[in-house]
Amino acid sequence: MKSCISLAALLLLFSNLIFSQSRRVSGQVKDERSQGIPFASINETNTKNGVTADATGNFTLTINGNQLTISAAGFQTQTITVSGETANVTLVSSGQLQEVVVTSLGIRRTRNQVPYAAQQINGEEVSKNRGSNFVSNLSGKISGVDIKQTNTLGGSTNVVIRGYKSIIFDNQALFVIDGVPFNNGNTVGINTNTANQRTGRGGFDYGNAAADINPDDIETITVLKGAAASALYGSQGANGVILVTTKHGSKGLGITVNSGVSFGAIDKSTFAKYQHEYGAGYFPSVRYEDPNTGLPYGFANGFFLWRDIDGDGQNDYVVPMSEDASYGAKFDPNLMVYQWDAFDPSSPNAGKARPWVASAHDPTTFFEKPVSYNQSIFVNGGSDKGTFKLGYTRIGDKGILPNSEVNKNLVNLASTLNLTDKLTAGAALDFSNIVGKGRYGTGYDDKNMMTNFRQWWEVNVDVKEQEDAYFRNRQNVTWNWTDPTILVPIYWDNVYFSRYENYESDNRNRYFGNINLNYKATDWLNILGRVSLDSYDELQEERQAVGSVTTSSYSRFNRSYRETNYDLLLTFNKKLSKDFDLKGLLGTNIRRQHTSTIRAITNGGLIVPKVYALSNSLNTPNAPVEFDGIREVDGVFAGATLSWKDMLTLDGTIRRDASSTLPKDSNVYYYPSVSAGFVFSKLLTSASWLTYGKLRANYAQVGNDAPIFSVYDVYAVVPPFGGEPQSSVTGTKNSTSLKPERTRSEEVGLEAAFLKNRVGIDFSYYWSRSFDQILPVIVSTATGYNSKFLNAATVDNQGVELQVSVTPIKKKDFSWDMIVNWSRNRNKVMELFEGSENIVLATFQGGVSLNATLNQPFGTIRGKNFVFDSASGLPLVSATGRYLQSVTSNEVIGDPNPDWVGGINNILKYKNFSLSFLVDMRHGGDVFSLDMYYGLATGLYPETAGNNDLGNPSRNPLSQGGGIVLPGISVVDGKPNTVRALNGFGAYGYLRNPAAAFVYDASYIKLREAILSYSIPKETIAKLKPFKGIDLSLIGRNLWIIHKNLPYADPEETISAGNLQGYQGGAYPSVRSFAINAKLRF
Amino acid sequence: MKKIFVIIVSFLMLTAGCRKNITDLNVDPKNPSTAPSRAFFTNAQHTLMNTLASSNVNLNIFRLIVQYWQETTYTDEANYDLGTRSINDAVWNALYRDVLRDFQEAKNLIPTDVADATVQKNQIAISDIMQVVTWYYLITTYGNIPYSDALDITKTFPKYDDAKTIYNDLLTRLDADIASLNTSSGSFGTADVIYAGNVAAWKKFANSFKLKMGMTIADDDEVKAKTVVEAAVAAGVFTSNSDNAVFQYLSTPPNTNPIWVDLVQSGRKDFIASEAIIDEMKSLNDPRIDDYFTKDAAGGYSGAEAGAGGNYATFSKPHDAILAPDFPASLLDYSEVEFYLAEARERGYSVGGTAQQHYNNAITASIIDWGGTTAEATSYLGQPSVNYATAAGTYKQKIGIQKWIALYNRGWEAWIDWRRLDYPQLVPGALALSDIPLRYPYPVNEQNVNGANYEAAAAAIGGDLVETRLWWDKF
């Protein structure tokens, strides 16, 4: 069927090529930067004969005379004399703010004609900091967009525009490159990470596929925030659209070369700090033989194993190496103890006892200072016959962990050919190759050293010595031996062994391209036919070496994704009269997404060490898990924009989609939108302070289909028991009565510029209601299921976005521009199915869950809470001096949604120097920290040691004046607590405190980036043939966390992209990086 | 102009002409919409046994609660921290969703894919017996639970039923199942891993389980218990170890005994022997000690104090035989039946024999089942501290302690009997977060998604606490 349509489209286009006309002039209207000016008016001077240029400034007009008058909003009108058939005109800016905005389906509009919120920034804004992931480079630069990136190398970026609308499924913005959707992950749009990875239970963060976009290839980015702006994209655009317009060739030849290198190091404020007073142990939980009395540990000096190691017949002190906590013996340099290295025969310290002190190299030394490079070359050119562009970018990123790197090769190729005056053929192909090795393990897992360093660690262990121990023989010589007599790792591998032996590797090859034919049928009608393909194949391989704590294994995951879009787009652009201008469009889109995956893993271990192949499986591997699904959405759409005097704009669109994932009788849904814009400044020409003013309002409805395979029930096939087949009812009950989910949204906005554009504001208020949401609601498992598919929920989002631009100083040699982005979103779960009061999104280790609770913001964190004294509001403390905990685990203890987010971007220019810096802020929003939950329990952090209110070491036994007094109200007498509780394992951490104790405010203020660049003056350049320009930059990223409330971690760090936010476990520190870059233009 | 309209119209027509039924794309090509009923039966049986046999700290920690084993470094579970790892959720999910639901699916499908009417009837009865067994574990673990509304996805918020009422209904079901078993015909054949489809064996099992159910409620409803127990015994219960309901695991993953997965394949060293059982066995010169445990570092047997942790190398550990991948898991055995009969005699039920005979039979069966000899049993029983006539305490104490030893490795069973017989007297873990649990709290998921029914159930049983006694746990 698909080939059927595309053929039809192409045939129709070709069959209508020939229109013969005489006395025709064609050309392009450009601005001073050689960019086409869209919709410029071209009139034969002093006649009514005229046309409007297309979106790239091209026009064709039949004339009788030889003079043309060209005008465009924001430019000085110009009259030229035409000789011949070509007329290229460059207009000079009139100094008025008159941006051109790329909107839905790549349609360029003047700012006056955009009746909805669409914020545009230049590609330069996301490429100049030379970060390899353009998505994270957007942070703080666009209002209403919440961007969170994990701190893992090449990790995921969570991009949510105007809040979480969908409860379970994708809320990620759609990426569109030159009109073609660019897949950002799997079919639910997040990434390819497993469910376990996303809920913090281990696995690698493979990042999302939007990171394949080459920042250097971006001309502009437009963010379409509201439904009215993106309704034409159908369900894919329901969460907002990030439209990327890539660079295109223009006349002449240009070569741009970028070469940069960057250096990174962790920001120590986002990593653990350790107490240096006590070593390995679980006092008072784990008890050992006491050397003197034979009493168990906890009653006397029994912090060590008591064994005869040196064979002198006397027992010696041995560190309890199996105890991965630091509630042990107080450090004492005079005490000689045997540590793990005494039992490593290759160690210089083999067989030797050593002083009992804190390690010289704590886990901070584990992090490397990576060097990354980024080089690109772009060649573009063009002539009357067409244009072309060819770019190649190479980016190599090394991580802060040993043996980690991600390398990217990106090729961008595009070309257009003018077959006739009216017919242009175009083709574009991007190829990307991403190769990763040693990505970071995430979550609660032995392949994530952060679990080790932040939660379960002995502060007497020297990381540098672990490194030496591994590299001596490349064996798993761990600090965490089971026992001096059982030299195998008990819980944790040597961290270097883990990095170098249990590494993953992955690669993704992607082809993204399209062929198109553009036919300019008449002056006012344009027909575009396009077939596009987004195709990638990836392989992820994970290894667990023989000798690890975990069973050795090899697994591979192959995934291939093909998205084909067939588009036919007719656009009209007609001046109805002097004052009325009509734009129209009519189109069809057929989208077919085919995902197939296969995951296979060895069974029960590997036979031969270091051979990572399925055939090396100790037992016959279970059948691989396969997925093969196709989603097709067939859409037709139409739109019209009527403007009057370039002052009033009315816009209406409608799209109809039919989706394969919904039941047959309810698989069709519509997306209507209406918008209006009013440029009131045109009426206030006398107000000289007002440069520009526009009011806009719109309403839209968008729909969404169901996840694939959520209609019909299937059974799960379980590996057979011997020869007996096994089958199971799947955990999710599907539904044949699903209907499309809908979002209704309203928006009003004001754009204004004052004082000759020295001050500008752009304000939006929006409200949206997402209802009939399709989701597999988690049900009581007493039903026999985990979940069932339903149209189950209604979520409201409302918020405001504000962008203010100010130019405090504008002199010939010096200018200062400041752009402030600010937004706040409030969401609320309005309605749930069948009287339900809560939907569980996911449960996490630590007894907490994320929920959609009726009448609460989306994503609330639930768990055990303190019990509060009603009078004072302070937590109640038991008779034994510990906090009381709620009986149930379903109390709301946190809300991960920020109160507001914002960014302040400053650009200072002095002659050829430019300095820009971006301060990025997030206020409010909670995060549960599993790292604090466990790390405080195991006594790693400074607050678990030191002296108590009596001036005694708080870890002393109560009989020796130790112990801690928890602030709160005593349940015994209603007075402030005075009972001293033992400071041992769990006193500050999870065992003795409710989950609510580990919920922190995730606010931050960050100096996100600062860039100093210098352009070599034109006069100098002129002497330096063949250069057209040389720019040198010094770049700093994530330079400084000015403020945060979450201890020892980056509040922005998250496990993965997606709806499950507000949970940290095994968090990575953020990386501060400095780069230098040279940009050469030829 | 006209030409353009022709283009548009013809395109739209072409689009429409090419249309096919896209809904067909939504049929999953990789997962079946049909499967044989026996496949659900095997899977449910397998999963039930995995749940009972498991030693995973995320699922089955009963060996720790009844102090057969202790934990080395991470002592949370030995100190009754059920919440951090959501253990109470995991048990509930496994039994409802993974076991009961699949037995239900087998029952639903048998009438359509099994040809022989008698075989059909036998299969449905056996599946229902297995469901009754599963319900028994749920109800003795939580108390009031969803029953009449359960296993029905249209009832999204299942209400909780009174535990005693459910229990009586289970007994009625069990009687009906026994009545409909036809021993002259077959059932599941090899899809039944426990009895290979032997209907006579299932009948004996059902009556033995009925005996167990009767005895469980003896403290609460003596009249009912007596009737049930006597009827069961009259119909024929286990008479030797060859009747034991045993699930024979295979030697390769994923079909091995879960203990092997948790302790051997994982390489973890979390468990050591518990002081409580080691000291008891040592004091009784129990011949099974070398079948239950390995020797400690000093060459003897020692266990760690409850909940206090301990060094892995220092203490005795579960015996290697238990860690074999194909070590069988027991659902019900002859020894257990004889202990019930001994108790029934003490309560004055007409089940034949004397309490001492049944007690001796029970202990002998256990010793032999663990690889011991009759001579060992005779000599063990000959000790005054073991001899039923001379051993210390009430019948509850004598039976309680010996049954606890005999039920080694079957923590869940031992936990039920420990609550019922109140022996041995266990001391709570050193850092216990609560008393030794007398029940499990309801799952957090129920609090979150079935809130109103949860609240009602918690109120009905007297609070959703681990200390709340279930209706049959009178003392």
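Lettering follows sequence order; numbering is per chain, from 1.
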Parallel, tilted or perpendicular, as decided by the 30° and 60° cut-offs, for the rings of B:Tyr74 and A:Tyr491: tilted
N/O donor-acceptor pair under 3.5 Å between [X] side chain and [Y] backbone:
X        : Y        : result
B:Asn255 : A:Pro720 : yes
A:Asn838 : B:Asn448 : yes
B:Asp102 : A:Val729 : yes
A:Lys733 : B:Ile153 : no

Given heavy-atom pairs under 4.5 angstrom as the criterion, report whether the side chain, backbone, both or neither of [X] touches chain A.
X        : value
B:Lys269 : both
B:Thr34  : backbone
B:Pro146 : side chain
B:Thr156 : both

Which atom of A:Ser659 lies closest to which atom of B:Ile22, heavy atoms considered: C-CD1, 3.6 Å
Residue among B:Pro29, B:Gly83, B:Ser86 with most heavy-atom pairs under 4.5 Å to chain A: B:Pro29
Option that, when pairs with chain A are counted at under 4.5 Å, heavy atom only, ranks first among B:Gly267, B:Ala191, B:Gly451: B:Ala191
Interchain contact, A:Thr485 with chain B, by part (heavy-atom threshold 4.5 Å): side chain
Which portion of A:Arg992 sits near chain B, non-hydrogen atoms under 4.5 angstrom: side chain
Test side chain to side chain donor-acceptor pair (under 3.5 Å) applied to A:Glu724 and B:Arg38, B:His46, B:Gln45, the passing residue: B:Arg38
Test side-chain contact (heavy atoms from CB on, under 4.5 Å) applied to B:Asn445 and A:Asn890, A:Thr843, A:Val840, the passing residue: A:Val840
Stepwise side chain to side chain contact (heavy atoms under 4.5 Å, CB included) check, A:Leu991 with B:Asp81: CA-CA 8 Å; A:Leu991 261 189; B:Asp81 178 0; 3.9 Å; yes
